[in-house]
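Quick notes on the structure that follows.
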Protein chains: 2
Amino acid sequence: MIAMPAKRPPVPLSLERIVDAALHIADGQGLRRLTMRRLGDALQVEAMAIYHHLPRGKEALMDVLAEHVTAVQVAPDGLGTWQERARAWARASRTALLEHPGVLSLALTKPSKGAALIAVREQVEQLQEAGLEGAGEAVRALRAYVFGSVAVEVQRSGWADPDATVQNARTEDGERDFEHGLDALIRGLGG
Amino acid sequence: MIAMPAKRPPVPLSLERIVDAALHIADGQGLRRLTMRRLGDALQVEAMAIYHHLPRGKEALMDVLAEHVTAVQVAPDGLGTWQERARAWARASRTALLEHPGVLSLALTKPSKGAALIAVREQVEQLQEAGLEGAGEAVRALRAYVFGSVAVEVQRSGWADPDATVQNARTEDGERDFEHGLDALIRGLGG
DNA sequence: ACCTGAACACCGTTCAAGT
DNA sequence: ACCTGAACACCGTTCAAGT
């Protein structure tokens, strides 16, 4: 017999591996090209194998991806004024969303559930506990601003274009604009 | 011969009719079900006929839909402080976006072009002329907040769900939250 | 339990053809 | 100029079957 190239023992499929591969495809080629078949190829598996780990199929995958970029935890040890906490959370959320632009439209569109919902509630409690009254409204305003900022920043970077050529020079402007508006919003929420 | 039901003279296809039908489908059944073939059916035409009016196909249609909900004009006679103008523009934008929730993810994702870009520039000029310095940053912050607010409001209304059952009770809360954050942001942008 | 292969109903888009 | 019909390459998902 002739020695064949070692067929390494197939790493078993797992939700984590599926999600990683899906994010890689969506970020690299766009959400439109994230296909069950392509995802299967990337994982060295037939597309249908994915259904065993995500019985609700592509819809379930989308939910998981949205939650992945949307459920942000901020260190709970955070001593500090509500302003500092709000700022820390806003920055962490922006960073998480910008990390996977290919999946942003899901984050903006899918109703938050699970871990994402819990994170929001924690945020409200943190600000409340730091002395802000009307923390619920404040968190909703901050969330809206962060989501919208990232949407505008990503759309300006031309990401949504068929052939995505990201200009990294833009990210500085994006950050400056983000901080400017965040300052204004936090200041306004105070009075 | 037997009289046939009057086959009314076929109204010629037009970009306007295509866009109207597309919005109707997207709002009623979701963007995922907006299909060239379904769109053709709604217009009593073969899907391929649409390509004659939108040579770049579905991609072009998406661009047009995004622009449709995103290009907002506010009465230019608007005397008033920059605060009043900013508020008027923000409200008009929110209304326009909420009118077609099915297409919101396009508005948030597609880089603005054409009429939408012009509208943004006009906004900057209006606020500048009303005495606000740093009008560019202010407009970008306001845009981010408006987009994000609508995204959060629509996602909370459960619109993105497979079977969209919109709870109209929510719209009051949405408006209150929107006004609250808008007040804060405008206040903060002032000083 | 986990994965495959074949099959089904449906996509977007092309192209030659009709009027 | 405007629309149709057939065709192509590709979807998501099912289901029975393999191990």
Side-chain angles (χ1 to χ4, degrees), chain A residues 4 7-26 28-66 102-103 105-106 109-110 160-164, chain B residues 7-26 28-66 102-103 105-106 109-110 160-163:
Chain A
M4 299 293 287
K7 198 190 284 180
R8 71 176 75 85
V11 183
L13 218 43
S14 70
L15 188 58
E16 202 197 347
R17 285 188 63 222
I18 294 174
V19 169
D20 284 352
L23 288 171
H24 189 256
I25 294 174
Q29 323 186 28
L31 195 59
R32 257 190 34 234
R33 313 200 56 162
L34 174 54
T35 262
M36 296 305 269
R37 284 165 150 103
R38 239 186 291 258
L39 187 52
D41 281 359
L43 292 163
Q44 314 246 47
V45 109
E46 294 298 311
M48 300 72 196
I50 299 167
Y51 286 81
H52 213 269
H53 300 259
L54 286 164
R56 271 181 43 256
K58 197 173 188 185
E59 201 56 32
L61 177 59
M62 302 303 220
D63 287 348
V64 175
L65 294 178
V103 124
S105 72
L106 296 178
T109 273
K110 292 262 176 192
D161 267 7
D163 303 84
Chain B
K7 196 190 283 178
R8 71 174 76 82
V11 183
L13 219 44
S14 70
L15 188 59
E16 202 197 347
R17 287 188 60 221
I18 293 173
V19 169
D20 284 353
L23 288 171
H24 189 256
I25 294 172
Q29 322 187 29
L31 195 58
R32 257 191 33 235
R33 313 200 55 163
L34 173 54
T35 262
M36 296 303 271
R37 284 163 150 104
R38 240 187 289 260
L39 187 52
D41 281 359
L43 292 162
Q44 314 246 46
V45 108
E46 295 298 313
M48 301 72 197
I50 298 167
Y51 286 81
H52 212 271
H53 300 259
L54 286 166
R56 272 183 39 256
K58 196 173 188 186
E59 201 56 31
L61 176 60
M62 302 303 220
D63 287 348
V64 174
L65 294 178
V103 124
S105 70
L106 296 178
T109 272
K110 293 262 174 189
D161 267 8
D163 305 84

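Values in this document were obtained by computation on a predicted structure and should not be read as measured data.
- Side chain of B:H52, nearest nucleotide from C:dG5, D:dC3, C:dT13: D:dC3.
- Expressed to the nearest 0.5 Å, how far CZ of B:R33 lies from CD1 of B:I25 amounts to 10.0 Å.
- Considering CE of B:M62 and CG of B:L31, their distance stands at 4.5 Å, rounded to 0.5 Å.
- As judged by a 4.0 angstrom heavy-atom cut-off over every strand, A:R33 is placed among residues making no nucleic acid contact.
- Following rounding to the nearest Å, A:R56 (CZ) and D:dT13 (C1') show an atom-to-atom distance of 14 Å.
- Atoms CD (A:E46) and P (C:dA1) sit 22 Å apart, rounded to a whole Å.
- Counting only Watson-Crick and G-U wobble pairs whose two distances sit under 3.5 Å, DNA chain C takes part in these stems of three or more pairs: C:4-8 with D:12-16, C:12-16 with D:4-8.
- With D:dT14, D:dT4, D:dC11 as the candidates, the nucleotide lying closest to the side chain of A:M48 is D:dT14.
- Counting heavy-atom neighbours within 6.0 Å of B:H24 NE2, excluding the residue itself, gives a total of 12 or less.
- You'll find that the side chain of A:L13 is closest to C:dC3, out of C:dG12, D:dT13, C:dC3.
- Regarding contacts with the backbone of C:dC3, a side-chain N or O of A:H53 is found under 4.0 angstrom from either OP1 or OP2.
- Taking CD of B:E59 as the reference point, atom CZ of A:R32 lies at 5.5 Å (rounded to 0.5 Å).
- Atom CZ of B:R32 and atom C1' of C:dA9 are 15 Å apart (whole Å).
- Summarising the geometry, atom CG belonging to B:D41 is positioned 8.0 Å from atom CD belonging to B:E46; distances are rounded to the nearest 0.5 Å.
- Computed from coordinates, the A:K58 NZ to C:dA9 C1' distance equals 16 Å when rounded to whole Å.
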Which pairs would a plain distance check flag for residues 14-22 of chain B, meaning a side-chain donor or acceptor within less than 3.5 Å of a matching protein atom at least two apart in sequence or in another chain?
{"unit_1": "B:S14", "atom_1": "OG", "unit_2": "B:R17", "atom_2": "N", "d": "3.2"}
{"unit_1": "B:R17", "atom_1": "NH1", "unit_2": "B:V11", "atom_2": "O", "d": "3.1"}
{"unit_1": "B:R17", "atom_1": "NH1", "unit_2": "B:P12", "atom_2": "O", "d": "3.3"}

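- Atoms CG (A:L39) and C1' (D:dC10) sit 16 Å apart, rounded to a whole Å.
- Protein atom CD1 of A:I18 is 14 Å distant from nucleotide atom P of D:dG12, rounded to whole Å.
- When rounded to the nearest whole Å, the span between CG of B:L31 and P of C:dG12 equals 11 Å.
- Regarding contacts with the backbone of C:dC11, a side-chain N or O of B:R38 is found under 4.0 angstrom from either OP1 or OP2.
- In this structure, of D:dT13, C:dG12, C:dT4, it is D:dT13 that holds the atom nearest to the side chain of A:R37.
- For B:Y51, whose side chain is taken as the heavy atoms from C-beta onward, the closest listed nucleotide among C:dG12, C:dC3, D:dT13 is C:dG12.
- Proximity of A:T35 to the phosphate of D:dG12: a side-chain N or O atom is located under 4.0 Å from OP1 or OP2.
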(request) Apply the test side-chain contact (heavy atoms from CB on, under 4.5 Å) to residues B:L65 and B:L34: give CA-CA distance (whole Å), side-chain angles for both, the deciding distance (0.1 Å), then the verdict. (result) CA-CA 12 Å; B:L65 294 178; B:L34 173 54; 3.8 Å; yes
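- Ranking C:dG12, D:dC3, C:dT4 by closeness to the B:V45 side chain, first place goes to D:dC3.
- Interatomic distance, A:M36 CE to A:L54 CG, rounded to the nearest 0.5 Å: 6.5 Å.
- Between the P atom of D:dC3 and the CG atom of B:L54 lies a distance of 12 Å, rounded to the nearest Å.
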